[in-house]
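Just the heavy atoms: all of them, side chains too, but no hydrogens, waters or symmetry mates, feed the values below. Each chain gets a letter, A, B and so on, in the order the sequences are listed, and its residues count up from 1.
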Amino acid sequence: MPAYNPASIEPKWQNFWLENRTFKAEMVVDRPKCYVLDMFPYPSGEGLHVGHPEGYTATDIVARYKRARGFNVMHPMGWDAFGLPAEQYAIKTDTHPSVVTQKNIERFRKQLQAIGFSYDWSREVDTTNPKYYRWTQWIFLQLYNTWFDVGAQRGRPISELIDEFAAGTRMPEGSKAWNQMSDGEKRRLLEGYRLAYQLEAPVNWCPALGTVLANEEVIDGRSEVGGFPVERRPMRQWMLRITAYARRLLDGLDGLEWSESLKLMQRNWIGQSEGAMVQFQTDDGPIDVFTTRPDTLFGATYLVLAPEHPLVNLASKTCCLPAAWPAGTPAAWMGTPAAGAPRAAIAAYQGIAAARSERQRQEDVQKTGVFTGLMATNPVSHDRIPIFISDYVLIGYGTGAIMAVPAHDQRDFDFARKFALPVRQVVKANGAEQPLPFEGSGVAVDSPAINGLPTAEAKAEMCRLLEAQKIGRRQVSYRIRDWLFSRQRYWGEPFPLVHLQDGTTAPLADDQLPLLLPEMSDFKPTQTIDPPLSKAADWRDVMVLLSGAAEDPVARVVAADTPGAVRARRELNTMPQWAGSCWYYLRYLDPLNQDHFCDPQIERYWMGTPSGVDLYVGGAEHAVLHLLYSRFWHHVLYDRGHVSGAEPFRKLINQGLILGESEYTGFADASGCAISIDDVDPQWSTQAGPDGKSLLVSRRRSDGAVVYGRAVETQYVDRRGDAAVLKADNNIRLDARSFKMSKSRGNVVNPDDVIQDYGADSLRLFEMFMGPLEQVKPWSMAGVEGVYRFLGRLWRHIIGTPEFPSRLVHKKNGIYYRGPTKMSVEESQIAEQESQSLLRPLHRTIRKVTLDIDRLSFNTAISAMMEFNNLIGKTRTVDQDMALTFVRLIEPFAPHIAEEVYHQIRGDGALASISAEPWPQYDDAVCEEDSMDLPVQVNGKLAGRVVVSALATESYILEQARADPQISSRLAGREIKKHVYIKNRMLNLVVQG
RNA sequence: GCCCGGGUGGCGGAAUGGCAGACGCUCAGGACUUAAAAUCCUGUGACCGUUUUCGGUCGUGCGGGUUCGACUCCCGCCCCGGGCACCA
């Protein structure tokens, strides 16, 4: 037999699985389903890195294991292929993004197939395929045609809203009655209810990318992709009303098997706060503010509006700023430099605020602001209090206005200090006096009607008072904002709707889908706010025929001379990359369906019971965005009756990041004298050294001299306590750490290389053996070598090589055979004994591997199989049935070697694939030892051990322990006060002293 | 600043109230070999005594506590990683 050679067996079985559709999933109504899902990759130009196979191997193990346990397993893969990198690469190389994308997909598919994942490739989806994005557009139209019924907490068809308005059972917001409105007015009114709507709003405009970004895509004032500066700019945008679903998305988390930390991240993102809406009166009407501390209302000594608040919008009718400063206005309140009138001061401040990015606002901890010249009345103390504007109040949260309680809020306190505003303490801390501002809970003081009440009760009582006087009410507020859903890009889904000349919008009729991206040779950003699609003039301007209800029409594109056709312009924005990934897991279920995004019966089977995807594994970078957006869409589809449950992903695991190999860095000064890391400034930079390799450059802390750092090979490194030190001189400490893999660092590990050197099975095994799935772990080629050796040993034990004959024997009619050869009586006896001795370890291995896969503890399952393999190594023979069982256990982890060994052993008796063989059963009774080496402690410290039968009684064990010379010497004649016996675990003897 | 997660040999890690360090890597010694590779065997937390055998002490970031018994539970602190960050 040839030695273990993954290069020869792996491609063979990969082709076999593909050609025989071994892992094809079909709906079988009376079989239990198991949906095992990976986060599908963005097919980048770089190809796969070792981070991808981590989660993919974990799900593949589960998928293969569940199949063996009799489940009907759905395990698909696809491509999240729209997106900026492909578009940018296409611009740079002057190719079409679809060409680039298809090339990358080919490469990714090849790479994934080379790892031997058991995907059903017939279900592959590609978000850029019109047959796919036709349904992305369709779902968008579902959102467009849905409104959120707050009372019912549920999305409903817009047609039902129209019916209710028409019947008068629901009153539209605003002054005018429904049946007195024109069709255009009705359409505009309905737009205010739709889950997809347009908004002229300040957005995050990134000039370098030529697009608008969602808040989530902006990090510290720079784009998440590329790190380019982002500025604020008003623009008409499509928004999705995710805020309407805030409560549902929050409550839905409770029933999910997600890690608590992940749920917490989503909860924080949604950001529910309970408090009160309070109305303050001014001479020009009321101002509503939201507060979480209604108990501090008596301490509200001024109001602050966001600079963008409608009351101070100079262009608006709602603006009511006085012409002149009230008498006695301090100069400091009039802006810098002080303006002659409120309008001028406000205008100047708004200009500054608008120009400042989020980041600049955050960096500046100094509070700024301007007095509006307006006064309000505190509704409970009836004090006249001034109204300011300041950019520390955000227009997007609450009402964009706050009541300021400087005594009990740090921000208000800072502002009050700066503008010399009164600070009124209304909460007293329990216990010691606390300095102001005091933000904690305590007891209300100086607040008639709630004096003496603890904070929690004071809040409730104040809400009651406000409600009784109709000047406020309890209110729950959410931090989450509506989702900015349009991008000024070419490589995304076009919006399936047109703009009419009256400024309203009409969706395309379903039969108009897909709306294809126009073929364009020039899809570069325009350098203006116009998206690239504005250049496709033929596509942009169309004639449409409207049909359906006049207040809710649909459009069909027609020839220009069609009677009744009207001019329209297509939407020029495209959807963000999230759109396609919001629902791909549904399309896998029925990928070729031309009439539905997914057949309802098929959806009910795979997503119905148990509800949702059974296991979803992916990176933590999607903890909020993808997972929240996806849940939102799924909730809407659920409300509209298109899916059978509200939550798409019942169980979710985040795999941990894989770092590069551990690196040691040592520093030396210009003369080559080694310097300990403690004496090096940690702010170092990288430069190319004379040998072409990169060299770190930093400064010595003690004298500022330039020092150079370079990598130190492991063999020159020693450990002393926490520190890595130079072997040659233990006083020289080194910098030791693993880094995130990156091209610039040159520590990226390519799975193709690992497969070439060790094979896919070793790659899979090592990915799982490194440590717990969810943990951050450093890569190690030596570790890959370790699991490769394990597979080599397994091969030698069972199959054998020219140097190492196989240990495989089998029993027929009570006689052992080695191959076709009958074994001698003596050999046969040995084989029988060894077979007996391996029985218990084998059952324990089955149990351990089974339970460990169930709890996704793959590293420990692998070590259990290594132990069993080591045991085989100590025997001369291994029974064929046992070998088959063992190989069945390793199949989910290392499917190629398992398939090969299986077929070699079984020969003609083999099933088409080992994956069709059922999962081995274990017997708990066989697992238990019949005698045990029981540890005995004296006062909690190990004193010795006694060998007793597993059936031994407690009193017998105690007797044995007393009789043991080593243990009794520890007792030193002292009386045993009591003993604690934990069955089959240990015995503890408690003595005096 | 707030909220999570983590800290165990030279390294990755195992043990979730009951024998700390499974399994793997590394390193050292040995066997096989003309030699090397591969493979196999033995050892590998620290310190001390004995210097084969064997025995003892310490040891899971630091300090305290609960318990017959703590890596594991509780309190306080230190360090690392992640998330959020003027959200009223």
Once you measure the plane-to-plane angle for Y629(A) and W483(A), does it fall in the parallel (<30°), tilted (30-60°) or perpendicular (>60°) bin?
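Because their plane-to-plane angle is under 30°, the rings of Y629(A) and W483(A) count as parallel.
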May I ask you to decide if the ring planes of H408(A) and F438(A) are parallel, tilted or perpendicular, using 30° and 60° as cut-offs?
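Rings of H408(A) and F438(A): perpendicular, over 60°.
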Can you tell me the distance, in whole Å, between the NZ atom of K978(A) and the P atom of rC68(B)?
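To the nearest whole Å, that distance equals 5 Å.
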Within this structure, what is the CE-to-C1' distance between M781(A) and rC11(B), rounded to whole angstrom?
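Roughly 17 Å, once rounded to whole Å.
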Quick one: is [N] close enough that its OP1 or OP2 comes under 4.0 Å of any side-chain N or O from [X]?
X: N988(A); N: rG18(B); answer: no
X: Q775(A); N: rG13(B); answer: yes
X: K941(A); N: rC58(B); answer: yes

Selected nucleotide, minimal atom distance to [X] side chain, candidates [options]:
X: I982(A); options: rC86(B), rC84(B), rG18(B); result: rG18(B)
X: K874(A); options: rG83(B), rC41(B), rA88(B); result: rC41(B)
X: M866(A); options: rC23(B), rC86(B), rC84(B); result: rC23(B)

What's [X] touching, base or sugar-phosphate or nothing? Going by heavy atoms closer than 4.0 Å.
X: R855(A); answer: sugar-phosphate
X: S259(A); answer: nothing
X: D412(A); answer: nothing
X: V936(A); answer: nothing
X: Q937(A); answer: base

Is there any protein nitrogen or oxygen under 3.5 Å from a nitrogen or oxygen in nucleotides 2-4 of chain B, and what are the pairs?
none

Does T860(A) form a side-chain hydrogen bond (donor to acceptor under 3.5 Å, both in side chains) with S863(A)? I'd like the steps, not just the answer.
CA-CA 5 Å; T860(A) 52; S863(A) 70; 5.8 Å; no
Decide yes or no, distance alone: a donor-acceptor N/O pair under 3.5 angstrom between the base of rC86(B) and the side-chain of K367(A).
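Under the 3.5 Å cut-off, the side chain and the base do form a donor-acceptor pair.
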Give each protein N/O atom lying under 3.5 Å from an N/O atom of nucleotides 37-39 of chain B, with the pair distance.
residue, atom, partner, partner atom, Å
rU39(B), O3', R796(A), NH2, 3.0

Range-with-range stems of RNA chain B (Watson-Crick or G-U pairs under 3.5 Å, three or more in a row)
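Output for stems: B:1-7 with B:78-84, B:10-12 with B:23-25, B:27-31 with B:39-43, B:45-49 with B:54-58, B:61-65 with B:73-77.
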